[in-house]
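Structure record follows, encoded as structure tokens.
Convention: sequence-line order gives letters A, B, ...; per-chain numbering from 1.
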Number of protein chains: 2
Amino acid sequence: MARRGSYAKGVAKREEILRAALAVVAREGYHGASVKELAEEVGLSQAGLLHYFDSKDELFVEILRTRDEVDMAGHSGTVDDTATLDELRDGYLDIVRHNARVPGLVELFTRLAADAANPEHPSRAFFAERGAGLRERWAGTIADAQAKGAIRDDIDPMLAARLLQAASDGAQMQLLVEPELDMAALIETLFALMRSSDRP
Amino acid sequence: MARRGSYAKGVAKREEILRAALAVVAREGYHGASVKELAEEVGLSQAGLLHYFDSKDELFVEILRTRDEVDMAGHSGTVDDTATLDELRDGYLDIVRHNARVPGLVELFTRLAADAANPEHPSRAFFAERGAGLRERWAGTIADAQAKGAIRDDIDPMLAARLLQAASDGAQMQLLVEPELDMAALIETLFALMRSSDRP
DNA sequence: GTCTATATGTTGATAGAC
DNA sequence: GTCTATCAACATATAGAC
């Protein structure tokens, strides 16, 4: 089976395919793309491509997972324990700005989010884990910032993290219809609302 | 053509179909439902149902539009000019709570939002108009509230309205994966963050 | 590991009878 | 206005050759 491909060659090839597929969706967009289309652009036949994945649905979920990994890797510098709230926020806004330039992936994200409504669909697990991880990390960051007086202490950190996730995902929905939308400014506004107002 | 059906009978039947279809999607959910499935549950053949719509895509967009109309009608009492911010917020939260109980429609909403990435798709116009209307109304409400000192005056009303829309749509995405999520509490938190803190 | 070929299923749309 | 019947198009998944 593809996922259990323990030989380095198979895993490496799978990675290679996913990177290429990611680039294709980013460039060409995603309007109900078929495996065949994607396969040809990646340089394989449809059956050849599917050899590495359990199904079409799993393939597309893995493309999204690869994007996250690429995004994370690109900003690993800011994710150490000494990072301040502002640094973490700016790192996050960088990712937001980057994603806003790739509407094809935003569309894929949104479509798979809809698929996740079905508990049997591979994207369900992906979104559940992704959301939980994102919120856990931000809830911790926010709690720390509250201890330092940088964030209002009258909101629950987990609820604030949830709100950040919701605003991010919802902003992407708006982006699909208004490609010129400044998503980062929107998220920045939310951070501003959460900041302690210790002015008179 | 279906949309130009100027005879009362045709329009009425179309309405009737949409109400029935809305109820079906709400009850049964929506996992890539086909026109045929929906037609049978509505009591028509596939061709008979499609007689009233230009295409499958238009049909599903109209179902979503119908939901909005039903939601609006159910809360028209609070939408007069004398309504306070709190009343408008509570009316909105009522709709949010109501929608949270109908995951099938949330899924349809999310799927069509993804389709809206394609400018040719009928859902594009729907989401563009819906978003603009929602934001215009809330931006006005928020500006009024700022004038009265109820909302922080350091945020742009339109940006705040956008944030409210984003949080609402994004919360729905989380709901798809966590059906037990308290969406209203999430949105309420955002309102709380926007409220003026004129305490010491 | 990758291909060709195909099995098998579905879908949305249309033509035409009633 | 609604149905039956039919269509072409296309999908994914698999079998088997190389």
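Annotation: B/D71, atom CG; neighbour count of heavy atoms from other residues, nucleotides and ligands within 6.0 Å is above 12.
The side chain to side chain donor-acceptor pair (under 3.5 Å) analysis of residues 168-177 of chain A, with sequence neighbours excluded, yields the pairs A/Y92-A/S168, A/Q174-B/R162, A/Q174-B/Q165. The stretch residues 15-33 of chain A participates, sequence neighbours left out, in these side chain to side chain donor-acceptor pair (under 3.5 Å) pairs: A/H31-A/E107.
The shortest side-chain heavy-atom distance between B/L164 and B/L134 does not fall under the 4.5 Å cut-off.
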Taking it one step at a time, do A/D115 and B/R111 satisfy salt bridge (Lys or Arg N to Asp or Glu O under 4.0 Å)? CA-CA 8 Å; A/D115 288 338; B/R111 179 154 280 129; 2.2 Å; yes

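The distance between atom CD of A/E40 and atom C1' of D/dC10, rounded to the nearest whole Å, is 13 Å.
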Heavy atoms under 4.0 Å is the rule here; annotate nucleotides 3-18 of chain C 5' to 3' with B where the base is hit, S where only the sugar-phosphate is, and - elsewhere. SB------SBBB----

